Amino acid sequence: MLNSSQAFSSFSIDDLDRARQFYGQTLGVEAETIEEMGGFLELRLAGGTKVMLYVKSDHQPATFTVLNFPVKNVEETVAELERRGVRFEIYDGPNVKTDADGISRGDGGPTIAWFKDPAGNIISVLETA
């Protein structure tokens, strides 16, 4: 029934202008403010994928990864994003550990690093073969 629907994902933010600057300028993603429905930010990702970010007055940051960016080399991507002011999360839990650069190197999963957007939502870059 829905197999021909062009579904999209969405998540909340607390400030449209800060999100547009972060996603558009810092991350280099195509980000356009859409005035319909009270205004939201549409991210246009590679392959035609779109993600809608909407302002929610009682926004609470997601406690899980809301957006994953596959990259060829996590170390290079982390270094470039750090130069652009992105701060990577350091985890030292029983299930997830990262090194001093914020990179988790395997342990049965992909090489991956997490950071937060200005609204506190968790984003990742993960290495693909």
Side-chain angles (χ1 to χ4, degrees):
M1 179 170 112
L2 296 177
N3 64 338
S4 63
S5 175
Q6 293 200 355
F8 62 92
S9 182
S10 64
F11 56 90
S12 70
I13 54 174
D14 57 359
D15 186 298
L16 192 66
D17 292 331
R18 283 190 329 161
R20 183 178 45 250
Q21 187 281 329
F22 179 77
Y23 285 95
Q25 295 177 16
T26 303
L27 300 186
V29 171
E30 187 178 344
E32 181 181 348
T33 302
I34 308 295
E35 297 301 328
E36 300 167 16
M37 299 185 296
F40 61 91
L41 187 65
E42 181 178 80
L43 304 181
R44 296 180 183 146
L45 308 174
T49 301
K50 294 179 182 177
V51 177
M52 183 177 83
L53 281 58
Y54 58 93
V55 175
K56 186 175 177 192
S57 61
D58 61 347
H59 166 76
Q60 293 294 315
T63 58
F64 52 88
T65 307
V66 297
L67 190 57
N68 298 284
F69 287 96
V71 297
K72 290 184 180 184
N73 187 303
V74 166
E75 286 183 8
E76 289 176 7
T77 303
V78 165
E80 177 57 31
L81 289 173
E82 284 180 329
R83 282 191 286 277
R84 295 175 181 213
V86 174
R87 218 181 85 234
F88 284 83
E89 298 297 302
I90 303 296
Y91 295 114
D92 189 21
N95 298 319
V96 178
K97 292 189 186 311
T98 58
D99 62 18
D101 295 320
I103 300 172
S104 175
R105 300 175 190 278
D107 291 335
T111 300
I112 186 169
W114 295 271
F115 58 96
K116 293 182 179 176
D117 73 1
N121 295 308
I122 302 169
I123 312 295
S124 85
V125 291
L126 70 146
E127 200 161 297
T128 58

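In this chain, residues are counted from 1 in sequence order. These numbers were taken from a predicted model, which means no experiment stands behind them.
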Engineer: To check you understand the geometry: which heavy-atom pair defines the closest contact between Ala19 and Leu53, and what is its length?
Structural biologist: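 Minimum heavy-atom separation between Ala19 and Leu53: CB-CD2, 4.5 Å.
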Engineer: Yes or no on side chain to side chain contact (heavy atoms under 4.5 Å, CB included) for Val86 and Leu27, after CA distance, side-chain angles and deciding distance?
Structural biologist: CA-CA 9 Å; Val86 174; Leu27 300 186; 4.3 Å; yes
Engineer: Under the salt bridge (charged side-chain N to carboxylate O under 4.0 Å, His left out) rule, what pairs show up with a residue in residues 43-54, not counting sequence neighbours?
Structural biologist: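 Qualifying pairs: Glu30-Arg44, Glu32-Arg44, Glu42-Arg44.
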Engineer: So do Leu41 and Phe22 actually touch side chain to side chain, heavy atoms under 4.5 Å?
Structural biologist: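 Sidechains of Leu41 and Phe22: no contact.
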Engineer: Please evaluate residues Leu45 and Leu67 with respect to the criterion side chain to side chain contact (heavy atoms under 4.5 Å, CB included), reporting the C-alpha separation (whole Å), side-chain torsions for both, the decisive distance (0.1 Å), and the verdict.
Structural biologist: CA-CA 11 Å; Leu45 308 174; Leu67 190 57; 4.1 Å; yes
Engineer: If we only count heavy atoms from C-beta on, is the Val55 to Ile13 side-chain gap below 4.5 Å?
Structural biologist: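 Val55 reaches Ile13 side chain to side chain.
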Engineer: Give every residue pair that meets the salt bridge (charged side-chain N to carboxylate O under 4.0 Å, His left out) criterion with at least one member in residues 17-26, sequence neighbours excluded.
Structural biologist: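 Non-adjacent pairs meeting salt bridge (charged side-chain N to carboxylate O under 4.0 Å, His left out): Asp14-Arg18, Asp17-Arg20.
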Engineer: Kindly state each residue pair satisfying ring-ring contact (aromatic ring centres under 6.0 Å, His included) with at least one member in residues 49-79, sequence neighbours excluded.
Structural biologist: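 Sorted pair list comes back empty.
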Engineer: Show the nearest heavy-atom pair for residues Asn121 and Ser12, with the distance to one decimal.
Structural biologist: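 Here Asn121 and Ser12 meet closest at ND2-O, 2.8 Å.
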Engineer: Would you mind telling me which of Thr111, Thr98, Asp99 makes a side-chain hydrogen bond (donor to acceptor under 3.5 Å, both in side chains) with Arg105?
Structural biologist: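 So, applying the side-chain hydrogen bond (donor to acceptor under 3.5 Å, both in side chains) to Arg105 and each of Thr111, Thr98, Asp99, only Asp99 qualifies.
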Engineer: How close do Ala31 and Leu43 get, counting heavy atoms only, and between which atoms?
Structural biologist: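 Between these two residues, the closest heavy atoms are CB-CD2, 3.8 Å.
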Engineer: Taking C-beta and beyond as the side chain, do Glu75 and Ile103 meet within less than 4.5 Å on heavy atoms?
Structural biologist: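 Result yes, sub-4.5 Å side-chain heavy-atom pair found.
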Engineer: Roughly how far, to the nearest 0.5 Å, is the CG atom of Asp117 from the CD1 atom of Ile122?
Structural biologist: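 So the gap between those two atoms works out to 9.5 Å.
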Engineer: For Thr49, check side chain to side chain donor-acceptor pair (under 3.5 Å) against everything at least two apart and list the hits.
Structural biologist: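 Counting only residues at least two positions away or on another chain, Thr49 forms no side chain to side chain donor-acceptor pair (under 3.5 Å).
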Engineer: Looking at Thr33 and Leu16, what are the two nearest heavy atoms and their distance?
Structural biologist: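 Result for this residue pair: CG2-CD2, 3.7 Å.
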Engineer: For Leu126 versus Val74, what's the shortest heavy-atom pair and its separation?
Structural biologist: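 Looking at all heavy atoms of both residues, the closest pair is C-CG2, 3.7 Å.
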Engineer: Look up atom OG1 in Thr65 and atom NZ in Lys116, then write down how far apart they are to the nearest 0.5 Å.
Structural biologist: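 Output value for this atom pair is 10.5 Å.
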Engineer: Would you say that more than 12 heavy atoms from the other residues, nucleotides or ligands in this model lie under 6.0 Å from the CD of Gln21, or not?
Structural biologist: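 Atom CD in Gln21 is packed in, count exceeds 12.
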Engineer: Before you tell me yes or no, could you show the steps for Thr128 and Val71 under side chain to side chain contact (heavy atoms under 4.5 Å, CB included), namely the whole-Å CA-CA distance, both residues' side-chain angles and the distance that decides it to 0.1 Å?
Structural biologist: CA-CA 6 Å; Thr128 58; Val71 297; over 6 Å; no
Engineer: Would you list the atom pairs, donor with acceptor, under 3.5 Å between side chains in residues 77-85 and any protein atom, with sequence neighbours excluded?
Structural biologist:
from  : atom 1 : to    : atom 2 : distance (Å)
Thr77 : OG1    : Asn73 : O      : 2.9
Glu80 : OE1    : Arg83 : NE     : 3.2
Glu80 : OE1    : Arg83 : NH2    : 3.0
Glu80 : OE2    : Arg84 : NE     : 2.9
Arg84 : NH1    : Thr26 : O      : 3.0

Engineer: Does anything in residues 80-114 pair up under ring-ring contact (aromatic ring centres under 6.0 Å, His included), and if so which pairs, sequence neighbours excluded?
Structural biologist: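 Listed once each, the pairs are Phe88-Phe115, Tyr91-Trp114.
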Engineer: Ala119 and Pro61: which non-hydrogen atoms are nearest, and at how many Å?
Structural biologist: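 Answer, listing the atom of Ala119 first, then Pro61: O-CG, 3.3 Å.
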Engineer: Please walk me through it: do Tyr23 and Val51 pass side chain to side chain contact (heavy atoms under 4.5 Å, CB included)?
Structural biologist: CA-CA 11 Å; Tyr23 285 95; Val51 177; over 6 Å; no
